[in-house]
Protein chains: 2
Amino acid sequence: MSTDSSEFMTPMMRQVVANFGEMGSRWGINRTVGQIYALLVLSEAPLNADQIGEALCISRSNVSMGLKELGSWQLLTTVHYPGDRKDYFNAPEDIWQIARTLVAERRKREIDPTLSVLRDALMQTPQDSRDAYAQKRIHQMHDLMEQLTQVSEEFNQLSTEQLTRLLKLGAGLGKVLDFKGKLTGKS
Amino acid sequence: MSTDSSEFMTPMMRQVVANFGEMGSRWGINRTVGQIYALLVLSEAPLNADQIGEALCISRSNVSMGLKELGSWQLLTTVHYPGDRKDYFNAPEDIWQIARTLVAERRKREIDPTLSVLRDALMQTPQDSRDAYAQKRIHQMHDLMEQLTQVSEEFNQLSTEQLTRLLKLGAGLGKVLDFKGKLTGKS
DNA sequence: TACTATTTTCAGTAATTACTGAAAGTTGAG
DNA sequence: CTCAACTTTCAGTAATTACTGAAAATAGTA
């Protein structure tokens, strides 16, 4: 048993892992979970729970909870080695696939329920002028969220190759838009 | 002084405000700040800090901190009424402008610093094979984030009208992409 | 079947984050 | 300048969230 954790992380990895922990916590993901995932993304070989705990200096049970969370987000792959009963984890190779999964899960968990609350509010009969105005705003928010949702669905259906191409358009997006608007002649 | 807070919120508003508080906390924004902002979005008339506190049953100082936070995100407008020294707050009328501001601020605060950490790591000379692999992954993450950043910049430069048009394309995004790919003949 | 390696759960505790009231700060009017 | 109206700050406290170790559960092996 080694007392340091340099067996699994180089200084460079450490910096990036720390940053992703920080970043996660700003986006409502607990720090440890962010660090575990960064570690798995950066490690070529799959790691088992003990190795993750040692690398990040966290308890075995904390690792277990973190992995459970990441698993529920569909962000892990697991492998097994003959003669070793431990589970070994890593992140998918395709980084864009990871992004797609994240977008899809967050939508399912956070956007969809909110859309449902907004729709409920829109079904109600306004009781007074405050409700009337509120409904106007709720309608705007609902449309905004639904449209962004549709775009994210599109996004998630593009292949990684298509996506790369789309994003390379870069500064041309506005132009493509104008062009397409004229082309179809719609609205 | 009224003991209930129904002066500023109808039951319908209450539901939506509560939901945005919840939602905020899942995205790393404190519940109260989310609620304050939802209240301001749904209220036609600008509200002062006392009114906000009464509506949400929170202390005056908590309102002050929440407004400070929202102000730092550029999400508020303020007005004053003659003979009244209080500040009155509300949210911009254009809901898409609010979304643009949110995207721009989050990028500035959270994405850009991470990109900078990733770039630092890429500048370093890999110490061993783990570093070599880690750099490969860091490179992928860097490119992904930079490309998404560019798209968000594009997004933020479109007018609300253009944006609406773009999002109405809906299921046509993939097709526009293929078309444009052939049109320009590039890459 | 019993045995052991491994993972998960969970009650208690630690750490973090949010909130409050009191005090200090700011600003405009007279 | 002084006063009053209003806002902000901040130290202390409350509430929430994260983490741990021990115990329970699970699953492979013989």
Side-chain angles (χ1 to χ4, degrees), chain A residues 1 5 17-18 20-40 46-73 76-90 109-110, chain B residues 1 5 17-18 20-40 46-73 76-90 109-110:
Chain A
M1 43 94 204
S5 45
V17 165
F20 272 76
E22 273 310 306
M23 206 194 197
S25 69
R26 280 199 237 274
W27 288 86
I29 287 158
N30 118 18
R31 186 164 320 210
T32 305
V33 171
Q35 291 180 346
I36 292 175
Y37 203 63
L39 172 62
L40 293 179
L47 302 178
N48 67 44
D50 289 325
Q51 294 172 324
I52 295 169
E54 188 190 336
L56 300 176
C57 303
I58 58 179
S59 71
R60 180 63 185 72
S61 51
N62 201 5
V63 175
S64 179
M65 292 188 298
L67 289 171
K68 185 184 175 188
E69 175 80 3
L70 288 168
S72 81
W73 286 75
L76 296 178
T77 64
T78 63
V79 303
H80 291 98
Y81 298 108
D84 185 346
R85 282 159 63 177
K86 289 191 173 72
D87 297 326
Y88 287 79
F89 300 90
N90 66 156
R109 293 169 185 226
E110 285 140 29
Chain B
M1 43 97 203
S5 45
V17 165
F20 272 76
E22 273 311 306
M23 207 192 195
S25 68
R26 280 199 236 276
W27 288 85
I29 288 158
N30 117 20
R31 187 163 320 211
T32 304
V33 172
Q35 290 180 347
I36 292 175
Y37 203 64
L39 173 62
L40 294 178
L47 302 177
N48 67 43
D50 289 326
Q51 294 172 322
I52 294 169
E54 190 190 335
L56 300 176
C57 304
I58 57 179
S59 71
R60 180 64 184 74
S61 51
N62 201 5
V63 175
S64 178
M65 292 187 297
L67 289 171
K68 185 185 176 188
E69 175 79 4
L70 288 167
S72 81
W73 286 75
L76 296 178
T77 65
T78 63
V79 304
H80 291 98
Y81 297 109
D84 185 346
R85 283 160 62 179
K86 289 191 174 72
D87 297 325
Y88 287 78
F89 300 89
N90 66 155
R109 294 167 185 228
E110 285 141 27

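So that the names make sense, note that chain A is the first sequence line, chain B the second, and so on, each numbered from 1.
- Residue B:Ile58 contributes atom CD1, which lies 20 Å from atom P of C:dT17 at whole-angstrom precision.
- Here A:Lys68 reaches the OP1 or OP2 of C:dT9: one of its side-chain N or O atoms lies under 4.0 Å away.
- We find that CG of A:Asn62 is positioned 16 Å from P of D:dA22, with the value rounded to whole Å.
- Rounded to whole angstrom, the span from the NE2 atom of A:His80 across to the C1' atom of C:dT6 amounts to 10 Å.
- Within the 4.5 Å cutoff, side-chain heavy atoms of A:Ile52 are placed close to those of A:Leu67.
- At the heavy-atom level, B:Asn30 lies under 4.0 Å from the strands shown only through sugar-phosphate atoms.
- Taking atom CZ of residue B:Phe89 and atom P of nucleotide D:dC6, one finds them 13 Å apart after rounding to whole Å.
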- Determine, stepwise, if the pair A:Arg60 / A:Ser64 fulfils side chain to side chain contact (heavy atoms under 4.5 Å, CB included). CA-CA 6 Å; A:Arg60 180 63 185 72; A:Ser64 179; 3.7 Å; yes
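- For the pair A:Phe20 and A:Tyr37, the minimum side-chain heavy-atom distance is 4.5 Å or more.
- In this structure, A:Asn48 reaches neither bases nor backbone, as no heavy-atom distance under 4.0 Å exists between it and the strands shown.
- Nucleotide D:dT17 holds its C1' atom 15 Å from the CD1 atom of A:Ile29, rounded to whole Å.
- B:Asp84 comes within 4.0 angstrom of sugar-phosphate atoms only, judged by non-hydrogen atoms across all strands, and of no base.
- For the pair B:Arg85 CZ and C:dG25 C1', the computed distance is 13 Å after rounding to whole Å.
- Among all heavy-atom pairs drawn from B:Val17 and B:Gln35, the shortest one is O-CG, 3.6 Å.
- Within the nucleic acid shown, A:Leu67 has no heavy atom closer than 4.0 Å to any nucleic acid atom.
- An OP1 or OP2 oxygen of D:dC19 is reached within less than 4.0 angstrom by a side-chain nitrogen or oxygen of A:Thr32.
- Residue B:Tyr81 contributes atom OH, which lies 15 Å from atom P of D:dC6 at whole-angstrom precision.
- If you take CG on A:Leu76 and NZ on A:Lys68, they are separated by 13.5 Å, rounding to the nearest 0.5 Å.
- Donor-acceptor pairing under 3.5 Å, judged by distance alone, is absent between the side chain of A:Ser59 and the base of D:dG21.
- For the pair A:Ile36 CD1 and D:dA18 C1', the computed distance is 12 Å after rounding to whole Å.
- Mapping A:Ser61 and B:Ser61 onto DNA chain C via the closest heavy atom, the residue that lands nearer the 5' end is A:Ser61.
- Under 4.0 angstrom from either OP1 or OP2 of D:dT17 there lies at least one side-chain N or O belonging to B:Arg31.
- Judged by distance alone, with hydrogens and angles left aside, A:Arg60 brings no side-chain donor or acceptor close enough to the base of C:dT7 to form a pair under 3.5 Å.
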